[in-house]
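Proteins come first, then strands; the chains are lettered A, B, ... in the order of their sequence lines, and each starts at number 1.
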There are 2 protein chains.
Amino acid sequence: MTSFTEENYLKAIFKINEKTSKPASTNGIAQQISTSAASVTDMLKRLAEKELINYEKYKGVTLTPTGNKIATNLIRKHRLWEVFLVNKLNFSWEQVHDIAEDLEHIKSDSLIQRLDNYLGNPRFDPHGDPIPNAEGKFMIRNQTSLDQLSIKQKGVLVGVSQHQSEFLQYLNELEIKLGTAFEVLNITSFDKSIKIRKDDTIDITLSHEVSKNLLVKKINE
Amino acid sequence: MTSFTEENYLKAIFKINEKTSKPASTNGIAQQISTSAASVTDMLKRLAEKELINYEKYKGVTLTPTGNKIATNLIRKHRLWEVFLVNKLNFSWEQVHDIAEDLEHIKSDSLIQRLDNYLGNPRFDPHGDPIPNAEGKFMIRNQTSLDQLSIKQKGVLVGVSQHQSEFLQYLNELEIKLGTAFEVLNITSFDKSIKIRKDDTIDITLSHEVSKNLLVKKINE
DNA sequence: GTTAATATTTAGACGAATCTAAAAATTATT
DNA sequence: AATAATTTTTAGATTCGTCTAAATATTAAC
């Protein structure tokens with residue numbers, strides 16, 4: 001049985017592995033968990049002892065199949081709970097992360113199975129992130145960040161790669177949400193800011209900082 | 001901030017106080033929590049330090065107003081989650097206790113408020129136990145246990161005072177559930193077993209052990 | 001290829017929650 | 001009222017997760 005804390009380490013390692021495609025470093029994990037490198041080393045020993053991670057001193061960490069199973073299941077639970085909070089309890093997408101962070105540690109397979117069904121077996125969470133299935137498989141989607149598009153290209157917002165509530169609230173103000181359709185009107189070369197026409201009606205200029213965090217699906221016609 | 005463990009102690013003390021109308025003893029708490037008396041003493045010191053309980057060595061424990069607030073809020077959360085599990089996820093009433101035991105520790109006031117609304121502000125949980133309001137007030141209901149009724153008395157099942165899954169499954173088999181109407185046909189004096197006519201159709205004999213755990217509301221006509 | 005900078009691990013300590021065994025206090029019994 | 005039985009508390013140890021400070025290993029810089 002894994003503890004709350006152990007689970008958070010596994011999830012952190014998973015995320016770092018996923019993002020960097022490299023073994024997670026002690027410091028990287030420490031930063032992700034907001035703890036000291038010494039604490040991380042201690043925990044890595046315990047997790048290696050339990051055979052949840054592959055760990056060699058000074059070499060970085062990856063997950064064993066068992067560890068990976070636990071991590072993806074946590075992500076599955078986290079994202080399903082987020083769907084519940086938004087779709088059923090009418091929370092806004094920027095409010096749900098912290099609550100789901102606790103709910104994901106509830107240990108009951110039948111609960112998650114029933115929740116999944118109750119929600120209609122959603123494939124994506126309120127931020128557009130894919131929900132892995134019970135076997136830990138993620139659906140892959142054809143997507144790029146908005147800053148990769150060129151002028152006249154049309155697209156739809158399918159996700160965000162930043163979950164900070166300030167960022168999401170900014171999108172709320174602009175009425176940009178998942179499913180929003182747009183066309184690229186213009187790209188300013190010196191600061192990479194991008195002008196888009198939203199829903200065929202409203203023109204909005206977004207900074208590069210924003211556009212690179214918007215995940216879009218191109219529409220070809 | 002109270003820990004998971006501290007919260008369980010507060011809830012145990014609340015339950016014992018409520019049931020016995022006396023300060024909770026160290027041994028009583030130990031039994032309720034399934035731990036040693038020594039551990040209980042340790043924890044009582046901590047809780048007293050935090051002013052969550054009134055504790056004098058060898059004298060037993062009661063909750064301070066703050067402690068009481070926390071305990072009733074846990075019960076509120078537990079029972080609301082049970083309603084969710086049964087009404088929305090279609091769990092059966094004997095399956096939900098353990099899951100709710102974990103869910104009750106999730107700390108988010110807005111979550112509970114929204115959950116309450118989503119469920120239609122239920123007053124009772126799936127076992128017929130009252131759900132305290134946000135101020136910790138319990139609704140009191142006119143009820144007796146079935147073994148207190150006399151012959152020809154009619155009633156409706158409004159609750160159970162035993163939550164063990166074996167007991168609840170036994171009731172499932174007999175198709176006895178909350179709202180089931182009945183009339184007392186007969187009481188056997190030597191073993192206090194009781195014969196009732198359920199839904200005007202089926203006659204069932206219940207042992208005293210069972211009948212004293214069924215909470216009923218009398219119907220006067 | 002040394003030296004300097006950075007990353008990682010070890011050492012030692014601490015708090016929370018638990019345990020067993022022993023001591024002390026309370027309650028019950030004769 | 002004295003002894004026996006029970007309950008409660010203390011003492012001391014253990015595990016989990018954390019910390020700071022110091023030591024060691026790795027990587028980067030000159």
*Asks:* OP1 or OP2 of C/dT20 sitting under 4.0 Å from any side-chain N/O of B/S36?
*Replies:* no

*Asks:* Tell me: CG of B/L44 to P of D/dT7, nearest whole Å?
*Replies:* 16 Å

*Asks:* Roughly, in whole Å, what's the span from CE in B/M1 to C1' in C/dA16?
*Replies:*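 Rounding to the nearest Å, CE of B/M1 and C1' of C/dA16 are 16 Å apart.
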
*Asks:* So does A/E166 have more than 12 non-hydrogen atoms from other groups sitting under 6.0 Å from CD?
*Replies:*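 More than 12 within 6.0 Å, yes.
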
*Asks:* Contact class for B/F4 (heavy atom, under 4.0 Å): base, sugar-phosphate, or nothing?
*Replies:*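 The answer is nothing, as B/F4 stays clear of every strand by at least 4.0 Å.
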
*Asks:* Contact class for B/T26 (heavy atom, under 4.0 Å): base, sugar-phosphate, or nothing?
*Replies:*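 Sugar-phosphate only.
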
*Asks:* Taking 4.0 Å as the cut-off, does a side-chain nitrogen or oxygen of A/N27 come that near to OP1 or OP2 on C/dT8?
*Replies:*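 A/N27 to C/dT8 OP1/OP2: side-chain N or O found under 4.0 Å.
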
*Asks:* Touch check for A/Y9, heavy atoms < 4.0 angstrom, all strands: base, sugar-phosphate only, or nothing?
*Replies:*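 Touches sugar-phosphate only.
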
*Asks:* Would you say the rings of A/H97 and A/H78 are close, in the sense that their centroids are separated by under 6.0 Å?
*Replies:* yes

*Asks:* Any idea how A/F84 and A/Y118 line up, ring-wise: parallel (<30°), tilted (30 to 60°), or perpendicular (>60°)?
*Replies:*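 Judged by the thresholds at 30° and 60°, the geometry between A/F84 and A/Y118 is tilted.
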
*Asks:* Can the positive tip of A/K19 be found less than 6.0 Å from the middle of the six-membered ring of A/F14, inside 45° of the ring normal?
*Replies:*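 No, A/K19 does not sit over the ring of A/F14.
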
*Asks:* Assign B/K59 to base, sugar-phosphate, or nothing according to its heavy-atom contacts below 4.0 angstrom with the strands shown.
*Replies:*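 Nothing, no heavy atom under 4.0 Å.
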
*Asks:* Measure all distances between protein nitrogen or oxygen atoms and nitrogen or oxygen atoms of nucleotides 11-16 of chain D, and list the pairs falling under 3.5 Å.
*Replies:*
none

*Asks:* Can you tell me how far CH2 of A/W93 sits from NE2 of A/H163, rounded to the nearest 0.5 angstrom?
*Replies:* 9.0 Å

*Asks:* Let me spell it out: for each of A/Y58 and A/S39, pick the nucleotide of DNA chain D with the closest heavy atom. Which residue's pick is nearer the 5' end?
*Replies:* A/S39

*Asks:* Are there more than 12 heavy atoms of other residues, nucleotides or ligands under 6.0 Å from atom CD of A/E51?
*Replies:* no

*Asks:* With A/L80 as reference, evaluate A/I75, A/L119, A/L85 under the side-chain contact (heavy atoms from CB on, under 4.5 Å) test and give the passing residue.
*Replies:* A/L119

*Asks:* Any side-chain N or O of B/K57 below 4.0 angstrom from OP1/OP2 of D/dT10?
*Replies:*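 Result: yes.
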
*Asks:* Just the rounded figure in Å: distance from P of D/dT7 to CD1 of B/I16.
*Replies:*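 Nearest whole value for this atom pair: 14 Å.
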
*Asks:* Among the nucleotides C/dT8, C/dC19, D/dT8, which one has an atom lying closest to any side-chain atom of A/T41?
*Replies:* C/dT8

